[in-house]
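Notes for the one structure printed next.
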Amino acid sequence: MSQLAAKGLGARRLATATPASTIAARRPTTIPTAATFTSTTCLVALASRSAARRYLSTDKKAPSKAANAAADRERGPSFKGQMMESITARMQREHAEQERIARIRQQSATSRGFSLTFMLLFVGSISWVLGTKFPRDPSPASTLPLNATRPPKHSTGKAELEAAWADFAEIVGSEHVSTTAADLDAHANSDWSSHQGDPGDPASRPFCVVYPASTAEVSAIMKVCHARRIPVVAYSGGTSLEGHFAPTRGGICVDFARMDKVLALHKEDLDVVVQPAVRWEELNDDLALEGLFFPPDPGPGAMIGGMIGTGCSGTNAYRYGTMREWVLSLTVVLADGTVIKTRQRPRKSSAGYDLTKLFIGSEGTLGLVTEATLKLTVKPAASSVAVASFASIRAAANCVARVVGDGVPVAAVEILDDDQMRFINQAGSTSRQWREAATLFFKFSGTAQGVKEQIAIVKDIAKKAGGESFDFAKGEQEMKELWSARKEALWSTMAVKKEGDHVWTGDVAVPMSRLSDIIEETKRDFKTTGLVTSLVGHVGDGNFHIIVLYSDAERKLAEDCVHRMVKRAVEMEGTVTGEHGVGLVKRDYLPHELGETTVDAMRKIKAAFDPLCLLNCDKVIRVQKPKAGEVAEW
Amino acid sequence: MSHRLLQRASRGATSIQVWPSPATVRASRLAPAFNQRHQLGHASAQSFRWSTTGAGPAPHKRVNPNLTVVGAVAIGCLGFGAGLLVANSTPSTDKLNDNVNTTAYATHSEMLQAASQIALAIGPDNVSYDTDDLEHHGHSDWSTSNSPIRAAAIVYPRTTADVSAIARICNALNVPMVPFGAGSSVEGNFAQPHSGICIDMTHMDRIVAFHPEDMDVVVQPGVNWVDLNRQIAHAGLFAPLDPSPTATIGGMVSTNCSGTNAMRYGTMKDWVLNLTVVLADGTVIKTRRRPRKTSAGYNLTALFVGAEGTLGIVTEATLKLAPVPQDTSVAVVAFGSIRDAAAAASELIRSGIQLAALELMDEVQMRILNEHGSEAVRRRKWEEKPTLFVKFSGTTEGIKSDAVRVGEIIRRGSGNEEGNGVRMHFAGSKQEEQDLWAARKEALFTMVNIRPAGTEIWSTDVAVPVSRLAEIIDLSKRECGQLGIFASVIGHVGDGNFHVAMMYDPRDGQQKDAVARCVHNMMGRALDMEGTVSGEHAIGIGKKECLVDELGEETISLMRAVKKAVDPKWVMNPGKVFDR
């Protein structure tokens, strides 16, 4: 009973409060979206239904009131009069009560409806406003710091990949989609890579290897992967050294092996159109027939696709420049399957952004190169080789500085240290015995007259710089023999390695004036560790490699030494990689070399090209905040 | 039932991290309490109600507050989702080519406000509102694509930090920024079609560091290349680029310039080691350190070279330098027809002889030399025939053997059809060498100087694969000739690039249209021949449409995506290269 009374009281209090709230409810007549509108009407309906139910409950009060009246009646003097009076009074009371109830019902139903509508509209619109204000692209920032990244979401579930397999099989034919264990392993990592993945991790192996035959097929594959959010790693020669093609998030591998054709040779224009799996050595064999040649000369076995991916170079870079200077145009399949061509075939152009150069050296993280137009040059009429040995690396480096500074157009200048020369002698891979001292190898090219003149100039410079010996080739045969030492360098070092040893090829570049400093310091550092090392350098452009042999137990030692070398290079205003690229191994060095903001700008570009982060994810730059302890201390 | 509903509602409310209303957060915190005090549902329901709206009818059934919570969460989610959807309509996946989210630029008064903020940041002396100054920075006689709109103010930064401050202010206020170097560009690259703030780099003209032993030099963007080469000549080094003599490094980088030396040394992009760039939001990045070669990370240097200031403002550059060649020599050869000259040129390129430069001037240019050349140039009576200028460089011996080979090729080449008409003239002395080459360098200026009052010069350039050079020069020249106006061809034929200059009267609509059509046809022809619409002048305003023809919508879309990534508000030199 008391509960009921309290309820009635509450209801009355509310009834008086109603007008104000109704006004309040009417005021925000914000136009609701279709969604809010329907749900509002629903809720209004709900509210009125509950109001109706309340009406029934108050109605139940009536019989108890009637009983009271009957009790009064018994006590009164004039029975009929009293009865009539009381009936009238009762009727009036009941009437009033009913009216009141009806009024309350009416008012509270409307007011509740209104206030509910108001509340929901209010919540809805506040949320809407907040929704529009939610951090989103494009933010006004020009860079994308690691903190602002959202981890990429891929679907690499078995079911998804199997469904994708069927799509790939339809595109390239099921015989060109491989899932054999050997194939998958070969596309997961290599022995010569300095990246050591966890072989047990399924994400470090592709689910399948797809072999497309045309740009259209690559585009179709990318469309499937884009729709299904499957990460993709591109693969051509597999000679890279820093884990460029090692998958980090499962997904698939696109191997360009079937795209190995020279599409068009324009002799008059000195260019050639090739597919990504053309080997540079074979290309040069073909071109030699026409008296032409393509200068970049990375590791044997490398293919054009990978050469573009890493922005490779080699011994010819001093005279001819790197891959960047020898690509006229690229056909690229983007992350969503769009096919673009960066240029036509002019030798020079200043039309629009240089996308060609942006793709060169992007390691397959921005797009898949399916066709390239390469610049060619005329094969020099004459060439020769000279070898000069010096008492120290520094004396040799001084000689190089003079040659470069005087602008002698030598084709290549390479340095091999005393250890390297000893290994060559030990391995017996060349027909002659070498002085075990720091040795410079010069390559000359040009007209016969020009070559002779160059040799004379270099001989003079070498002598002044303290050269202990100077030999130059007098014929084709001798030239090959002299150059063979440079060519055999890596293999000679490999030949002295013990069973179970690994090889690490480090690669840094510094401004030329610092070259002898860094070489000397690095050699000293490695000497103290007792690791077997040798040194080979493209000294003409301040770039050198250290070849380290290490056993599993010495891995940490080697790692630390290479790390110190990289740090030294950065301190000397150099770079952490002259020609091998960044891959997985060197990405945490980049912020130190380039600065945090520069890497953030690169990340922003990566996000613009590949928002879902499907293409060679995690290479070059991190796309996701690393876990604690994942990044080694600088 | 109600219990469960509320639980679900409370779960919903807490699981949404970004849930906005503090009231609902409070409601969710209240929910467990409500569950505990189920028996006193009334009281808790009231407190709940208070927390959400603060007013409303007393519930007579416990189901009401629950429904309200569910409803509120649902509506809230829907609202938030809808808001996100609308705001995020820039898709993050496949569509690179969307045009939504075009923020309007600031009004003129807002730009002036930005200018006054900049004045506070970099000093009032470095901000100019002078009309003459605005005019000078907004119009160029050399350019074919001027805009009638002028900048709101010119600012003169002195340091990278100044430029960064300017960018921060402009980006915040949606004010376009247009960097300005020497103003020698010809495609309207520094025009201000959207007004804004013009950033003149004149005061940033220091050579920051010179490393002769590393063969590089660190310079600010306002350094003039001629000055630079003069100042470092003592070390036997030079920057082997030769655009207009007035050009400064900033503009040279931004248009990826080249010149007569490009045949031997390549273009600007081959000579920039690193750049310090201020991005749209004021972030300062340095693209590299100083190694001669590197493969570390994306090649941002190459991206900014030739971007015409649409991606960032270059505030410092490290340039590679080349040793000054031991010896040089110059020869001129006149041919019977332009086709013969071009054919001989392409023969020379394919020979592999390392020439320093290979330039072509047509008979019109040669006539001008005879009539209006400088004194040094007129010392010689030029044959008024298409002429090749050949520059040799290297060692004295090397030049001699090169010269012999060049002579042979020209004699046995297509030019020989004219019988003994082809003669190669070598410079006999250093003085003569200079005079001969001056003739080539003067060409454009002489042309500008002699033009009749009121006429303008439409100078344009294209490049094609070398084998098509003779053909396109021939066709283009014939078409220009038919217009009956002054038209001439100068070419850096060594890399398949040539310029056409035409004089026209801008008041004569018909003539202007005819010239425009002629230029358009030339572009079309270059593209048909797999060439480019701009060999070295860049795109600016003038060639935007041609660029679409050259590269296709997809490629432009990708460029647009790059632009949008580093300049989301599209405030860096808007209206150039391509439209958003």
Side-chain angles (χ1 to χ4, degrees), chain A residues 10 21 35 43 50 54 108 112 115 119-120 123-124 127-128 130-132 136 138 141-143 268-269 311 336 338 340 344-354 357-358 361 378 407 447 449-450 453 509 511-513 541-542 573-577 579 581 590 597-598 601-602 604 608 611, chain B residues 20 53 55-58 60-61 71-72 75-76 78-80 83-84 87-88 92 94 213-214 256 267 279-281 283 285 289-299 302-303 306 323 352 397-398 401 463 465-467 495-496 530-532 534-536 538 547 554-555 559 561 565-566 568:
Chain A
S21 67
L43 281 150
S50 66
R54 189 174 51 99
S108 57
R112 185 123 53 83
S115 60
M119 186 202 78
L120 294 172
V123 170
S127 312
W128 191 78
L130 285 168
T132 56
R136 64 201 156 94
S142 304
T143 56
E268 293 80 38
D269 300 326
D336 63 351
T338 311
I340 65 151
Q344 304 210 47
R345 294 196 295 117
R347 294 290 274 194
K348 89 177 182 194
S349 171
S350 64
Y353 300 160
D354 200 339
K357 285 218 169 58
L358 192 59
V378 179
T447 56
Q449 186 66 35
E453 199 185 16
M512 268 152 20
S513 60
D541 31 41
E573 292 190 80
T575 175
V576 300
T577 170
E579 56 183 25
L590 275 195
T597 49
T598 309
M602 289 182 183
K604 183 93 187 204
Chain B
T53 56
H60 290 250
K61 283 278 181 184
I75 297 284
L78 279 171
F80 193 75
L84 261 183
N88 259 353
S92 61
D94 42 354
E213 65 285 1
D214 294 328
N256 184 21
T267 64
L279 301 180
D281 65 352
T283 311
I285 67 166
R289 291 177 178 232
R290 292 197 296 118
R292 292 287 274 196
K293 93 178 181 194
T294 170
S295 58
Y298 300 152
N299 193 350
L303 189 62
E397 283 304 307
S401 74
V466 179
S467 63
D495 33 38
E530 299 188 76
T532 174
S534 186
E536 56 180 25
L547 187 67
E554 276 88 12
T555 309
M559 290 185 184
V566 293

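In what follows, chains are A, B, ... by sequence order, proteins preceding strands, each numbered from 1.
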Within the side chain of [X], is there an N or O that forms a donor-acceptor pair under 3.5 Å with the backbone of [Y]?
| X | Y | answer |
| --- | --- | --- |
| B:T294 | A:T577 | yes |
| B:S295 | A:G581 | yes |
| A:S513 | B:D214 | no |
| A:S127 | B:F80 | no |

State, to 0.1 Å, how close [X] and [Y] come at their nearest heavy-atom pair, and which atoms those are.
| X | Y | answer |
| --- | --- | --- |
| B:G76 | A:V123 | CA-CG1, 3.9 Å |
| A:A509 | B:P291 | O-CB, 3.9 Å |
| A:V576 | B:A296 | CG2-CB, 4.1 Å |
| A:R345 | B:P465 | O-CG, 3.8 Å |
| B:A565 | A:A608 | CB-CB, 3.5 Å |
| B:G531 | A:Q344 | O-CB, 3.6 Å |

Let me confirm one number: the [atom1]-[atom2] distance from [X] to [Y], rounded to the nearest 0.5 Å.
| X | Y | atom1 | atom2 | value |
| --- | --- | --- | --- | --- |
| A:D541 | B:K293 | CG | NZ | 4.0 Å |
| B:M559 | A:I340 | CE | CD1 | 7.5 Å |
| B:L78 | A:L120 | CG | CG | 11.0 Å |
| B:Y298 | A:L590 | OH | CG | 10.0 Å |

Chain B contacts, top residue of [options] (heavy-atom pairs, under 4.5 Å):
| options | value |
| --- | --- |
| A:G542, A:G361, A:G352, A:G407 | A:G352 |
| A:G450, A:G311, A:P346, A:G574 | A:P346 |
| A:M512, A:E453, A:E579 | A:E453 |
| A:K348, A:R347, A:E268 | A:K348 |

**Request:** Select one option (side chain, backbone, both, neither) describing which atoms of A:E573 are under 4.5 Å from chain B's heavy atoms.
**Result:**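 Looking at A:E573, backbone and side chain both touch chain B.
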
**Message:** So for A:S349, is it side chain, backbone, both, or neither that comes closer than 4.5 Å to the heavy atoms of chain B?
**Reply:**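 A:S349 touches chain B through backbone and side-chain heavy atoms alike.
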
Among [options], which residue forms the greatest number of heavy-atom pairs with chain A at distances under 4.5 Å?
| options | result |
| --- | --- |
| B:T267, B:L279, B:N299, B:L303 | B:N299 |
| B:R292, B:R290, B:E213 | B:R290 |
| B:G398, B:G535, B:A302, B:G352 | B:G535 |

**Residue part contacting chain A, namely of B:T555, when any heavy atom lies under 4.5 Å** =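 Backbone plus side chain of B:T555, per the 4.5 Å heavy-atom cut-off to chain A.
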
